[in-house]
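Working notes for the structure below.
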There are 2 protein chains.
Amino acid sequence: MRYTIREVSEKTNISAYVLRFYEKEGLLPHIHRSEGGIRYYTDEDMDLLGLISCLKKTGMQLREIKTFVELSEQGPETLRERCNILRQQQDNVRKQMAELQKSYEKVSHKLAYFSRLLSEYEGTGNP
Amino acid sequence: MRYTIREVSEKTNISAYVLRFYEKEGLLPHIHRSEGGIRYYTDEDMDLLGLISCLKKTGMQLREIKTFVELSEQGPETLRERCNILRQQQDNVRKQMAELQKSYEKVSHKLAYFSRLLSEYEGTGNP
DNA sequence: ACAAGACTTAGAGCTAACTTTAAGTCAATC
DNA sequence: GATTGACTTAAAGTTAGCTCTAAGTCTTGT
């Protein structure tokens, strides 16, 4: 399948601006063009894009993602290094989940406290 | 207890620059000063700072945090609204945790795939 | 074949959240 | 009491990641 930039944009919720920007920055290498120079994206590109947004969502910076993509370009001799990067990222995500859990508890705790204050306040005849 | 900006910075891992910046932006109102104009922070300030970083960590923007702080300034008649904001944020955090979980699975899946490729590659006599 | 509208490029502009600078004031030690 | 170093201010600078503009090219429907 071939997709236009618009189709990709709609499927992925990444704006066409950003798709071009990612390409310019080296995150999406070898995007094919029609004879008139119009981009078209393959399923492989879509797949990479999926990984990119996943890495981005988990806090990896574009420049690190670029490094990862460049390793991918170099073929199987970089597989070990790519695994290491993914393992590192897996670890990061675990830490983020723990952090988020702590924050959740803090917000909940504060909310419980305010709720109590609120019911007390309302109980005094101040609606 | 009274803390200098340096002590607060060390305790919270928020730089003195940022503490002053937050104050300027209205996130930390009523910071006391010594006669010479030097800031000192109270335990109450520390508490607010804890809530601020928690809200920030969970993706709330400074301008929204400022709104929350301003409501706090207005006394108990804004308690209900503050509870609503916290409940909303609690919800946001739940969504973030679900998202993060999905990303974790995606990274793990990709890693498993690459690991398999790697062991195959190494099995062929390419160390 | 031609108008409308999507696409192309390079590069400028924007936003959030810091981060630093410059010029000066204050506090603690020698 | 002088020096050192942390503090003060307003304002400029930085970074990441977009987001848009301008000027031009291509594609598609009538």
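Chain naming here is simple, since letters A, B, ... match the order of the sequence lines and numbering starts at 1 in each.
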Between atom CG in A:Leu27 and atom C1' in D:dA16, what is the gap in whole Å?
13 Å
Mind calculating the distance between CG (B:Leu19) and P (D:dT8) to the nearest angstrom?
10 Å
Using 4.0 Å as the upper bound for N to carboxylate O, is an ion pair formed by A:Lys95 and A:Asp91?
yes
Just checking B:Glu25: base, sugar-phosphate only, or nothing, at a heavy-atom cut-off of under 4.0 Å?
nothing
Any heavy-atom pair between the side chains of A:Tyr22 and A:Val18 that's under 4.5 Å?
yes
For each nucleotide in nucleotides 19-24 of chain C, reading 5' to 3', give B when a protein heavy atom comes within less than 4.0 Å of its base, S when such contact involves only the sugar-phosphate, and - otherwise.
BBB---
Rounded to whole Å, please give me the gap between CD1 in B:Ile31 and P in D:dT9.
12 Å
For A:Arg6 and C:dT8, what is the distance between atoms CZ and P respectively, to the nearest whole Å?
12 Å
Can you check whether B:Tyr22 has a side-chain N or O nearer than 4.0 Å to OP1 or OP2 of C:dA17?
no
Using whole Å, report how far CG of A:Leu28 lies from P of D:dC18.
12 Å
Considering only NZ, NE, NH1 and NH2 on the basic side and carboxylate oxygens on the acidic side, decide whether A:Lys102 and A:Glu99 come within less than 4.0 Å.
yes
Electrostatic pair A:Arg33-A:Glu23, nearest N-O below 4.0 angstrom:
yes
Quick one: are A:Arg6 and A:Glu10 in side-chain contact, heavy atoms under 4.5 Å?
yes
Please list residues of residues 62-72 of chain A whose heavy atoms come under 4.0 Å from any atom in DNA chain D, ordered by number; otherwise none.
A:Leu62, A:Arg63
Test salt bridge (charged side-chain N to carboxylate O under 4.0 Å, His left out) on B:Asp47 and A:Lys110; report intermediate values, then the result.
CA-CA 11 Å; B:Asp47 209 56; A:Lys110 206 78 186 179; 3.2 Å; yes
Taking the side chain as every heavy atom from C-beta outward, state whether B:Leu62 and B:Ile65 have any pair of such atoms under 4.5 Å apart.
yes
For D:dT9, take OP1 and OP2 only and decide whether either is under 4.0 Å from a side-chain N or O of B:Arg33.
yes
Quick one: list whatever passes side-chain contact (heavy atoms from CB on, under 4.5 Å) with A:Gln88, sequence neighbours left out.
A:Asn92
Counterpart residues, side-chain contact (heavy atoms from CB on, under 4.5 Å), relative to A:Ser103 (two or more places apart):
B:Cys54, B:Lys57, B:Thr58
Just the rounded figure in Å: distance from C1' of C:dA6 to CD of A:Glu7.
13 Å
Excluding sequence neighbours, so at least two apart, what forms ring pair (Phe, Tyr, Trp, His ring centres under 6.0 Å) with A:His32?
A:Tyr40
Nucleic acid contacts - residues 38-57 of chain A versus DNA chain C, non-hydrogen atoms under 4.0 Å:
A:Ile38, A:Arg39
Determine yes or no for a side-chain-to-main-chain donor-acceptor pair under 3.5 angstrom, with B:Thr78 supplying the side chain and B:Gln74 the backbone.
no
